[in-house]
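All of these numbers come straight from a predicted model, not from anything done at the bench. We name chains A, B, ... by the order of the sequence lines, and we start the count at 1 in each one.
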Protein chains: 2
Amino acid sequence: MATMREVAGRAGVSTATVSRALSGNPTVDPDLAARVRSAAHALGYRPNGVARSLRRQTTAVLALIISDVENPFFTAIARGVEDTAQSAGYSVVLCNSDESTAKERRYVDVLLQEQVAGVIVSPTSAAGALEPLWDNGTPVVAVDRPLPGLECDTVLVDSRVAANVATTHLAAQGYQRIGCLTGPVGVHTADDRLAGYRDALRAAKRRSAADLVRRAEFRTVGAKRSAADLFGIAEPPDGLLVANSTMATGTLEAMSELGLRAGRDVGLVAFDDSPWATLVDPPLTVISQPAYQIGTMAAQLLLARIGGDARAPRTITLNAQLVVRGSSHR
Amino acid sequence: MATMREVAGRAGVSTATVSRALSGNPTVDPDLAARVRSAAHALGYRPNGVARSLRRQTTAVLALIISDVENPFFTAIARGVEDTAQSAGYSVVLCNSDESTAKERRYVDVLLQEQVAGVIVSPTSAAGALEPLWDNGTPVVAVDRPLPGLECDTVLVDSRVAANVATTHLAAQGYQRIGCLTGPVGVHTADDRLAGYRDALRAAKRRSAADLVRRAEFRTVGAKRSAADLFGIAEPPDGLLVANSTMATGTLEAMSELGLRAGRDVGLVAFDDSPWATLVDPPLTVISQPAYQIGTMAAQLLLARIGGDARAPRTITLNAQLVVRGSSHR
DNA sequence: TTGTATGCGTTATCAA
DNA sequence: TTGATAACGCATACAA
């Protein structure tokens, strides 16, 4: 790779002039600038990003730490982040924490070493693993889940309200024993969706039977087991709120094996719309989250911070939308 | 962030010794090493990866350029790459070329600037956009699609054979007019799957009717349109091979709107297994590709190159597996 | 307007 | 076994 020295040599100027010319500094003579540019072009010069970062003490790289690369909700966020970052001249490093605090911690370490300009994270646990970012002054934006205790910009979806709306919808459709299948204790969205579910039952003056609630990992297999378990009890639910789309596939698998039909036997609503939601029979009623928009907003907030914005941290709460399809009525 | 100087100061040694001590160089006195480590720990020292990269002229970062972050096939590859890279101490930058040569080119530029140690790519087009990597001596591994002309390690799936097997299966099930819905001309997997389809028809002594073949982008919407178009012709197909899973959702949407039932009205096989493939009615017969394994193999090949392996480039071809479900028989 | 010289934080070479 | 020192490639303060 050609360096500035070589470009300087070829153009017959100093490296300082090359640097200025290529960065568009107006104090450089137009003729010289042209000579430098053509020399750079001739040599296929490409600035060394590492050296530049070392000198400038920052990189044009943002990081996005998500908890599951295979979850379409997060990849949609990634797309939003990437599009916004790209058009601001930043690239994006995607890291998959896999809901593991250890992995999250490792990535934070790597990102600090690599001096990324800022980090967008859907936090796996409490803030602990992310603290080094704060200590280092790296701007952080939390998405999907808040970072209790740490003050930072946050982009959320009002899961609790959405879960409430969905549950109320199920009740209004005449389902009597509505259950809830949600994620692990401590995962904010899991708890939030459960809370919204309970809010709705309380408002509808329904007895919220504790035995109609199940928790599992945000994965297909665990959800399938839990759903099967739930449908196996003495008085099984005839309605169910499921906390994300991977769990929804598990639930549908379990129902299929048990010969239960959505809508008719069990009113079903799940978080997150998916391309296949309309293909199952009956089509799945979902709570659609504005994932792409979460990504763009988060990136905008982060870029503002990187640009020096020092205002108080903001929390932006977007709304989800209930999309009623066949699985939630008889 | 604490630097080596500070650690050196606190431990009362030179930066050289700190460097050696922390990198586990055995020529350093154990007592001193311990003192250095505790000083580093006390100061929360974290090596500056940028400076290290500048000095070492390489980074512990691999890049993965894929053509669609939202396609589960590619995210599964990403997982494989990441797991392998992680355990070798490398992190992974994920880049989304979006099937755009321009984006691909931009990313290659960024990656060169950032001096990544190697690149795994599912090439969007011909090799043109990737040439700078070669010029720079950056190791490259192609996945999913070959890089014609450029000699590099490659991990492929034998799409052509798989398409042949799938089409033969459809013919054996008694479907008479078998069509094919594949990706754009020039995308290797698209062409390959079409070729395999033709191979099968030829072997089965079926007339391969050109009007039963459609091409569209590897996306849901385009596939839906093309499928609708295909089912609308005078003598529509009663069997269909679909070239990937996003196209499969489009196809199923079109069929649903036209009141066509898979299996009964149209024998259907699609590339790529998905969590939802068993949930649609009837369950979808698929050609399951070993995506995760593609990722791990590609990462291993790349790491070997980075480690100095200079053997002739290898092409590894993995096999896909036909998973027969309800959509391919009456 | 341009050039010289220095430093960013690390590692590697060379002496001691 | 350790330390002084010189790069790595770029950007800037300062001098010219």
Side-chain angles (χ1 to χ4, degrees), chain A residues 1-37 39-40 43-61 109-117 136-137, chain B residues 1-37 39-40 43-61 89 109-117 136-138:
Chain A
M1 285 266 277
T3 71
M4 275 184 92
R5 292 174 75 96
E6 308 178 50
V7 177
R10 192 183 167 104
V13 298
S14 73
T15 60
T17 302
V18 174
S19 175
R20 285 189 284 251
L22 294 181
S23 65
N25 189 319
T27 73
V28 55
D29 183 275
D31 289 0
L32 259 197
R35 225 164 70 212
V36 167
R37 273 194 302 272
L43 292 171
Y45 171 73
R46 217 180 297 272
N48 181 321
V50 176
R52 173 178 286 174
S53 303
L54 180 62
R55 178 61 228 234
R56 291 206 191 143
Q57 299 289 60
T58 181
T59 61
V61 177
D109 228 78
V110 171
L111 298 177
L112 279 172
Q113 281 177 30
E114 300 298 328
Q115 314 252 108
V116 297
N136 188 60
Chain B
M1 286 267 276
T3 72
M4 276 185 103
R5 293 174 76 92
E6 308 178 49
V7 176
R10 191 175 163 92
V13 298
S14 73
T15 59
T17 302
V18 174
S19 176
R20 284 189 286 250
L22 294 180
S23 66
N25 190 318
T27 74
V28 56
D29 183 274
D31 289 0
L32 258 197
R35 222 162 74 210
V36 168
R37 274 194 302 273
L43 293 171
Y45 171 73
R46 216 180 297 272
N48 181 322
V50 176
R52 172 177 288 173
S53 304
L54 179 61
R55 178 61 230 231
R56 291 210 193 139
Q57 299 289 57
T58 181
T59 60
V61 177
D109 227 76
V110 170
L111 298 178
L112 280 172
Q113 281 177 30
E114 300 297 329
Q115 313 253 106
V116 296
N136 187 59
T138 305

Assess whether side-chain contact (heavy atoms from CB on, under 4.5 Å) is satisfied between A:N48 and A:M1, documenting all intermediate values.
CA-CA 9 Å; A:N48 181 321; A:M1 285 266 277; over 6 Å; no
With the side chain of [X] defined as its heavy atoms from C-beta on, choose the nearest nucleotide among [options].
X     : options               : result
B:Y45 : C:dG3, C:dT10, C:dG9  : C:dT10
A:L54 : D:dG9, D:dT2, C:dT2   : D:dG9
B:T27 : D:dT12, C:dT11, D:dT2 : D:dT2
A:T3  : C:dT2, C:dT11, D:dC10 : D:dC10

Roughly how far, to the nearest 0.5 Å, is the OG1 atom of B:T17 from the CZ atom of B:R35?
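Separation between the atoms: 9.5 Å.
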Which is true for [X] with a 4.0 Å heavy-atom rule: it touches a base, it touches only sugar-phosphate, or it touches nothing?
X     : answer
B:R20 : base
B:M4  : base
B:T17 : sugar-phosphate
A:V18 : nothing
A:S19 : base
A:V50 : nothing

Between [atom2] on [N] and [atom1] on [X], what's the gap in Å once rounded to a whole number?
X      : N      : atom1 : atom2 : value
A:L43  : D:dG9  : CG    : C1'   : 15 Å
B:L112 : D:dC10 : CG    : P     : 13 Å
B:R5   : D:dG3  : CZ    : C1'   : 14 Å
A:M1   : D:dC10 : CE    : C1'   : 13 Å
B:N48  : C:dT10 : CG    : P     : 5 Å
A:L22  : C:dT2  : CG    : P     : 13 Å
B:R35  : D:dG3  : CZ    : C1'   : 14 Å
A:Q57  : D:dT12 : CD    : C1'   : 13 Å

Let me know, please, whether B:T15 or A:A2 comes out on the 5' side of the other along DNA chain D by nearest nucleotide.
B:T15
Whichever of A:S23 and B:A51 has its nearest DNA chain D nucleotide further upstream toward 5':
B:A51
Give a yes/no on whether any side-chain N or O of A:R55 is located under 4.0 angstrom from OP1 or OP2 of D:dT12.
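A:R55 to D:dT12 OP1/OP2: no side-chain N or O under 4.0 Å.
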Are the side chain of [X] and the backbone N or O of [Y] linked by a donor-acceptor pair below 3.5 Å?
X     : Y      : result
A:S19 : A:T15  : no
A:R46 : B:Q113 : no
A:T58 : A:A117 : no

A:R52 side chain near A:P47 side chain, heavy-atom distance below 4.5 Å:
yes
